[in-house]
Amino acid sequence: MCEDCGCREGNERVFSDKEHSHEHAHRHGDVVHTHAHPHEHAHEHAHDHTHEHVHEHSHAPRTVAVEMGVLERNDRQAAENHAWLAARGVVAVNLISSPGSGKTLLLEKTLDALRDKVSCAVITGDQQTDNDARRMMGRGAKVVQIETRSACHLNAEQVRDRLSEVVDEGVKLLFIENVGNLVCPAAFELGEDRRVVLLSVTEGEDKPLKYPVAFYSAGTVVLTKTDLLPHLDFNMDACRSAIRKVHPDARIIELSARTGQGMDAWLDWLRRLV
Amino acid sequence: MHELSLATAMVEQLEEILTREGGTRIVRIALRLGAMSGVDRDAFEFAFPEAAGGTPAEGAVLVIEEVPLALSCRRCGHCATTEEPIMICPACGFMEVDVVQGREFTVTSMEVL
């Protein structure tokens with residue numbers, strides 16, 4: 001046994017984790033051997049630190065109950081829009097349809113018919129261009145265009161941003177012409193009083209079953225371009241039946257904005273809103 | 001595809017909750033997706049990484065529970081789930097039914113660090 005360090009002429013010490021060693025040489029009789037042995041240092045650090053952390057958070061995930069509608073923020077804004085409009089006596093109508101179903105032409109003819117009778121305003125949404133706004137101008141109503149760029153629908157914040165600009169004193173009826181799309185706009189409340197879905201008779205009578213969310217969400221369905229019926233195989237009864245399946249008490253109005261046929265029912269319905 | 005808008009809105013709203021909860025990261029998001037919510041699951045799952053990139057929700061796992069449409073009849077009281085989006089009582093044919101479930105698109109919970 002080595003008197004210097006307690007070894008048995010070899011490196012047989014088991015070092016605990018806390019110890020560390022340097023190699024050194026010393027002599028046992030005539031044999032010089034080399035081994036390591038533990039010793040302690042006083043650790044002087046140039047800075048103070050603690051080796052213990054107080055962990056106030058856990059590294060394990062914790063579950064937070066949320067119960068939040070993903071559309072909640074939009075819905076809140078829509079409710080604010082509705083309150084803003086209601087305070088001014090304005091009824092808002094949100095028009096939704098596929099592109100090319102005839103929303104803009106219907107609005108052009110509607111503005112002409114209501115001119116000097118019911119004060120109207122229009123917010124119209126498209127991904128690009130102000131073509132629709134220009135078509136509807138000069139018909140006695142203020143018109144603003146929202147270009148949504150990449151977005152496929154209007155949301156409540158976009159409408160809020162234009163409300164005070166488009167709704168002048170005395171306006172009774174605000175039309176919101178949504179981006180042409182039968183899917184996305186259906187999910188976004190804008191603060192409207194009434195939602196209208198347009199379906200042109202060139203589109204096929206089973207569309208309500210293919211796009212049930214839009215038709216379920218709208219209390220009024222306007223079937224447009226009925227002047228084309230003689231040229232089509234469109235089955236009006238089948239279309240009405242498809243609408244009724246998705247929305248049994250929906251109001252259904254058939255019209256042709258081009259010829260004016262059926263426009264009275266639409267205009268009467270609008271007049272009763274205000 | 002409005003699912004990107006929805007995913008972005010969800011991430012922003014969850015970030016607010018995360019801050020209130022004193023967390024730093026969202027690792028899992030549990031959702032209920034109704035058949036009549038108007039939201040496409042695949043499109044939403046595709047859009048989510050784009051919406052979550054660079055936010056505390058980046059890399060979070062989406063756990064989506066699909067909720068079928070369920071109707072309750074106002075006349076006979078029959079209540080059942082249905083595959084078809086048809087708002088007519090399948091038992092008695094009455095056309096006044098209430099949607100009991102299937103329109104929701106909600107975050108029920110999330111796991112945070």
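Below, chain A is the first sequence line, B the second, and so on; all start at residue 1. Keep in mind that this is a model prediction, so the values were computed, not measured.
- Heavy atoms closer than 4.5 Å to chain A are found in the side chain of B:Arg103, but not in its backbone.
- Side-chain contact between B:Leu31 and A:Val70: present, with at least one pair of heavy atoms (C-beta onward) separated by less than 4.5 Å.
- Among all heavy-atom pairs drawn from A:Leu209 and B:Pro85, the shortest one is O-CG, 4.2 Å.
- Partners of B:Val100 by side chain to side chain contact (heavy atoms under 4.5 Å, CB included), not counting sequence neighbours, listed by chain and number: B:Ala70, B:Ser72, B:Cys79.
- Within the 4.5 angstrom heavy-atom criterion, only side-chain atoms of A:Phe188, from C-beta onward, approach chain B.
- Considering only heavy atoms from C-beta on, B:Gln13 stays 4.5 Å or farther from A:Val66 through its side chain.
- Residue-level contacts of residues 155-163 of chain A with chain B do not occur; threshold 4.5 Å between heavy atoms.
- Looking at B:Glu21, the atoms closer than 4.5 Å to chain A (heavy atoms on both sides) sit in the backbone and in the side chain alike.
- Sequence neighbours left out, the pairs with a member in residues 63-72 of chain B that pass salt bridge (Lys or Arg N to Asp or Glu O under 4.0 Å) are B:Arg32-B:Glu65, B:Arg41-B:Glu66.
- Contacts of residues 242-250 of chain A with chain B at a heavy-atom distance below 4.5 Å involve A:Arg244, A:Lys245, A:Val246, A:Pro248, listed in sequence order.
- To the nearest 0.5 Å, atom SG of residue A:Cys152 and atom CD of residue B:Glu3 are 7.5 Å apart.
- Only the side chain of B:Ser5 has a heavy atom closer than 4.5 Å to any heavy atom of chain A.
- Residue contact with chain A, scored on non-hydrogen atoms closer than 4.5 Å, involves the backbone and the side chain of B:Ile86 alike.
- The environment of A:Phe234 atom CZ is dense: over 12 non-hydrogen atoms of other residues, nucleotides or ligands sit within 6.0 angstrom.
- Of all the heavy atoms in B:Gly23 and A:Arg62, the pair that sits closest is N-NH2, 4.0 Å.
- Heavy-atom contacts from other residues, nucleotides or ligands closer than 6.0 Å to CZ of B:Phe46 number 12 or fewer.
- Only the side chain of B:Val27 has a heavy atom closer than 4.5 Å to any heavy atom of chain A.
- More than 12 non-hydrogen atoms from other residues, nucleotides or ligands lie less than 6.0 angstrom from CD of B:Glu12.
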Margin query: Please evaluate residues B:Val107 and A:Glu67 with respect to the criterion side-chain contact (heavy atoms from CB on, under 4.5 Å), reporting the C-alpha separation (whole Å), side-chain torsions for both, the decisive distance (0.1 Å), and the verdict.
Written below: CA-CA 5 Å; B:Val107 177; A:Glu67 286 302 334; over 6 Å; no

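- Taking each heavy atom of A:Ala187 and B:Ser37 in turn, the nearest pair found is CB-O, 4.4 Å.
- Of all heavy-atom pairs between B:Ala9 and A:Arg73, the closest is CA-NH2, 3.8 Å.
- Annotation for A:Asp268: atom CG counts as buried by contact number, over 12 foreign heavy atoms lying within 6.0 Å.
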